[in-house]
Amino acid sequence: MQAFYAKAVNRADLHFCIGERMAEAYSQYFRKSFHCIMNSTEILPYEKPVYGENIQISYFGGLHLERWKMISRFAELVPPHTAVHIYTFTPIDEDMKKTFDESKVILHGGVSGLDLHRAMAQSHVLLHVESDDTYYRSLTKLSVSTKIPEYLALGRFVIGFGPTEVASLRLLSDNKIGVVLSSAENSDTLRNQLSEILSDNKLMIKMGKDAYSYA
């Protein structure tokens, strides 16, 4: 398989990766120049979020790679008057349902098109997670979730939760277009961080605008 990839790379005139970290690693490994190209997403006019007493944090996407466990843990850390919603096409088994019930996660089916845009736009915060399991973090180390550009284009505040070195979370932290919380921190520290962040409307609006400009 490695020989197949090497042959394909050698025959190509141009080489692209989805993120900077992958491009750097592939350039070094294959000794070829790799460039970054992100999946495209529609950029609609910016809509300023309206914050009230209650905050909706939403996750959109698959629950594979043990992301469902990370969402559940995150939901147990949020302050009062904050609800974590999941929109996913992933089938929910009994273990997942039990865990989500215990952490008070609100489940929705998957959405697409205008329904996806509407659900994202009505959310105050958009959540992305990556598993801190050793095996799964090795799989996501260099890859950027295709959901990230859609998040950024909405102009909503983005929170990343998981191992801080993986590419999706590094994209947010390196470019200051989201807040990344390390899953290596203890629960009390994370609760305090979340409480402080989610009480700062000016910060959330500013970072949402920065994310929109980046997109």
Side-chain angles (χ1 to χ4, degrees), residues 1-6 9 15-31 34 36 38-39 57-78 84-105 107 110 125-152 158-194 197:
M1 186 62 75
Q2 288 181 332
F4 175 83
Y5 287 135
V9 168
H15 313 88
F16 295 95
C17 289
I18 198 169
E20 292 180 3
R21 300 196 72 201
M22 184 182 287
E24 291 171 1
Y26 280 28
S27 294
Q28 183 177 6
Y29 182 83
F30 290 107
R31 297 183 180 179
F34 280 77
C36 295
M38 189 70 67
N39 59 299
I57 301 177
S58 300
Y59 172 89
F60 295 83
L63 303 178
H64 55 296
L65 303 177
E66 291 195 348
R67 286 182 175 135
W68 65 275
K69 290 184 178 179
M70 300 302 292
I71 299 171
S72 181
R73 182 186 170 197
F74 178 88
E76 294 172 349
L77 303 169
V78 299
V84 176
H85 294 245
I86 292 177
Y87 295 81
T88 185
F89 289 103
T90 301
I92 307 298
D93 62 30
E94 287 301 318
D95 286 343
M96 296 164 68
K97 186 178 186 307
K98 181 175 182 293
T99 302
F100 288 146
D101 287 343
E102 291 172 350
S103 56
K104 298 181 181 179
V105 168
L107 280 171
V125 179
L126 299 175
L127 173 68
H128 182 72
V129 300
E130 295 290 358
S131 174
D132 51 13
D133 175 84
T134 302
Y135 173 68
Y136 291 119
R137 71 200 294 172
S138 72
L139 298 181
T140 58
K141 181 179 180 180
L142 299 176
S143 59
V144 177
S145 170
T146 55
K147 190 63 64 177
I148 296 292
E150 295 180 51
Y151 278 11
L152 303 179
V158 180
I159 292 180
F161 179 56
T164 58
E165 81 277 4
V166 300
S168 287
L169 302 190
R170 282 285 300 273
L171 176 68
L172 298 175
S173 59
D174 289 352
N175 295 285
K176 296 180 174 58
I177 50 177
V179 168
V180 173
L181 301 177
S182 172
S183 54
E185 294 283 1
N186 64 64
S187 294
D188 286 340
T189 298
L190 289 168
R191 285 192 184 93
N192 290 335
Q193 289 175 338
L194 272 171
I197 291 166

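Rounded to the nearest 0.5 angstrom, K147 NZ and L152 CG are separated by 12.5 Å. For the atom pair F161 CZ and S182 OG, the distance stands at 8.0 Å (nearest 0.5 Å). In this structure, the separation between CD1 on I71 and CD1 on I86 is 4.0 Å, given to the nearest 0.5 Å. Separating the SG atom in C36 from the CZ atom in F16 is a distance of 10.0 Å, to the nearest 0.5 Å. Summarising the geometry, atom OG1 belonging to T146 is positioned 6.5 Å from atom CD belonging to E150; distances are rounded to the nearest 0.5 Å. In this structure, the separation between CD on E102 and CD on E76 is 8.0 Å, given to the nearest 0.5 Å.
Aromatic ring pairs are classed by plane angle as parallel below 30°, tilted from 30° to 60° and perpendicular above 60°; the pair Y59 and H128 is parallel. Using a 30° and 60° split on the angle between ring planes, H15 and F34 fall in the tilted class, from 30° to 60°. Taking the six-membered ring for Trp and thresholds of 30 and 60 degrees, F30 and Y26 have ring planes more than 60 degrees apart, a perpendicular arrangement.
Of all the heavy atoms in M96 and T90, the pair that sits closest is CE-CG2, 4.4 Å. Closest approach of L142 and A25 over heavy atoms only: CD1-CB, 3.8 Å. Here the closest non-hydrogen pair linking M38 and P149 is CG-CG, 3.3 Å. When every heavy atom of V144 is checked against every heavy atom of A167, the shortest pair comes out as CG2-CB, 4.0 Å. Listed here is the closest heavy atom pair of C17 and M22: SG-CG, 3.6 Å.
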*Show the numbers, then the answer: is there a side-chain contact (heavy atoms from CB on, under 4.5 Å) between L190 and R73?*
CA-CA 11 Å; L190 289 168; R73 182 186 170 197; 3.5 Å; yes
*Derivation of the side-chain contact (heavy atoms from CB on, under 4.5 Å) call for I57 and H85*: CA-CA 6 Å; I57 301 177; H85 294 245; over 6 Å; no
*Intermediate values then yes/no, side-chain contact (heavy atoms from CB on, under 4.5 Å), L181 and I197*: CA-CA 11 Å; L181 301 177; I197 291 166; 4.1 Å; yes
*Applying salt bridge (charged side-chain N to carboxylate O under 4.0 Å, His left out), run through K98 and E94 and close with a yes or a no.*
CA-CA 6 Å; K98 181 175 182 293; E94 287 301 318; over 6 Å; no
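When each of E66, R67, E165, K141 is tested with E130 by the rule side chain to side chain contact (heavy atoms under 4.5 Å, CB included), just one qualifies, namely R67. Here the options are V166, I159, V158, T164, the test is side chain to side chain contact (heavy atoms under 4.5 Å, CB included), and the partner is V180; only T164 passes.
Residues F89 and L63 form no side-chain contact, since every pair of their non-hydrogen atoms from C-beta on lies 4.5 Å or further apart. Between S183 and M70, some side-chain heavy-atom pair lies under the 4.5 Å cut-off.
There is no side-chain donor-acceptor pair under 3.5 Å between N192 and T189.
Side-chain N or O atoms of N175 include none that pairs as donor or acceptor with a backbone N or O of I177 at under 3.5 Å. Judged by distance alone, with hydrogens and angles left aside, the side-chain atoms of S58 form no donor-acceptor pair with the main-chain N or O of L126 at under 3.5 Å. Here the side chain of S27 pairs no donor or acceptor atom with the backbone of E24 at under 3.5 angstrom. Between the side chain of D132 and the backbone N or O of P163 there is no donor-acceptor pair closer than 3.5 Å. No side-chain donor-acceptor contact under 3.5 Å links S72 to the backbone of W68. Here the side chain of S168 pairs a donor or acceptor atom with the backbone of S145 at under 3.5 angstrom. With R191 contributing its side chain and L77 its backbone, the two residues share no donor-acceptor pair below 3.5 Å.
Electrostatic pairing of K97 and D93 does not count as a salt bridge here, judged by no charged N lying under 4.0 Å from a carboxylate O.
Residue F60 places its CZ atom among more than 12 non-hydrogen atoms of other residues, nucleotides or ligands, all under 6.0 Å distant.
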